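The chains referred to below are lettered A, B, ... by the order of the sequence lines, with proteins before strands, and numbering in each begins at 1. Everything quoted here is computed from the prediction, not taken from an experiment.
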Amino acid sequence: MGLLAIAVRALVAYGLLLVIVRASGKRTVAQSSPFDLVLALVLGDLVDDLLWAEVGLAQFAVAAGTLVTVETAVALAQGRWTRLHAWVTGEPAVLLRDGRALPDALRRERMRETELDAHLRLRGLDRDRRQDVAIARLEPVGTVSIEKVARANPVERREVFGGG
Amino acid sequence: MDAQELLFTGLRALLVYIVMLFVMRLLGKRTIGNFSAFDLLVALMLGEVVDEIIYGDVSLAQGMVAIFVLAAVEYANSWLSYGSAAANRWLEGEPTPLVVDGALQRDGMRKERMHERDVLAELRLEGIDDLRKVKRATLETDGEVSVIRQRWAEPVEKGDLDLEEAERGLPLRRRRG
């Protein structure tokens, strides 16, 4: 196979993917969830068969187009039906409340307390500051969000200078 | 390439989408979202398997077997590393201290092959310009660096000023509908 043909295919694949991804909006392939990451990987993998001419352009276009179309349709449907959103995207899991870890929730997410500590560290909180955490949630995207108790939140400018 | 084969390609892509969605939800939020470089590899493997299915290079049955075995092993892995501390250390690794009370931990850095410059870059990304402000910097098992400031280097908190606002707090509002 000619080198020029490979170059042309690479260009076409690049252009086609660009159009597909741009047309589908930012959130597709934005790595906003583990599933989106896998989808992005699959889209990338679809390209190499095209480059080596193992599949035709039409087949590549149909495969990539179908995936992105379905993803877009599911995203739109999730916007309409909260129940579907809960099922497809998942719901946040409360791991810690009022400074205390919730063993049942940790078990459901298969997370050890040492891993919870690591998540808190990544939010800048040492283990001995657990009591400053009102709620810690494992969000559907796989990271842990922290709501601190009021007294542990930063002072806002208006509290010193007024206004707001 | 006839129209029928293109139709099948589309249908296989649709089926793969549904199966992958199901698998990822079954594996849970932790998988790939965070906390082990290996989880990311599993995601890559799944992705590699899937495109052969879509193009029809392997049969549907072969593809599904491959996907479900990978998913099942990953699922078992997550329970094993949850159930046993030793398995957890083995499967997920342990956090490595990089800075303790403002002092670079050369042993940890060597073990993780991190240069002083890499550590300082991670601190800068957390907005820290001075090593002395760091109580603990740790390379976590997912490859991220966590940074805990010395208490005196943290922003002033409401509790420090005894503000009334602290009593009431400002909860996140939820939108209706």
At a 4.5 Å cut-off on heavy atoms, which part of B:R89 comes close to chain A: side chain, backbone, both, or neither?
neither
Taking atom types as modelled and ignoring hydrogens, do the side chains of B:S78 and A:R110 form a donor-acceptor contact shorter than 3.5 angstrom?
yes
Is the distance between the ring centroids of B:F68 and B:Y75 under 6.0 Å?
no
Taking every heavy-atom pair that is under 4.5 Å apart, which of A:D48, A:L120, A:D49 has the most such pairs with chain B?
A:D49
Interface moiety of B:V50 toward chain A, non-hydrogen atoms closer than 4.5 Å
side chain
For A:E71 and B:Y17, which I'm curious about, is there any donor-acceptor pair between the side chains at under 3.5 Å?
yes
Which one wins on heavy-atom pair count under 4.5 Å against chain B: A:V62, A:V42, A:L41, A:D126?
A:D126
Quick one: what part of B:E94 sits under 4.5 Å from any heavy atom of chain A, side chain, backbone, both or neither?
neither
Bottom line for A:D117: the part with an atom under 4.5 Å from chain B's heavy atoms is neither
Can you tell me if B:E92 and B:T141 form a side-chain donor-acceptor pair at under 3.5 Å?
no
Segment of B:V145 engaging chain A (4.5 angstrom heavy-atom cut-off):
backbone
In the single-linkage hydrophobic clustering (I, L, V, M, F, W, Y; side-chain heavy atoms under 4.5 Å), do A:V8 and A:L16 co-cluster?
yes
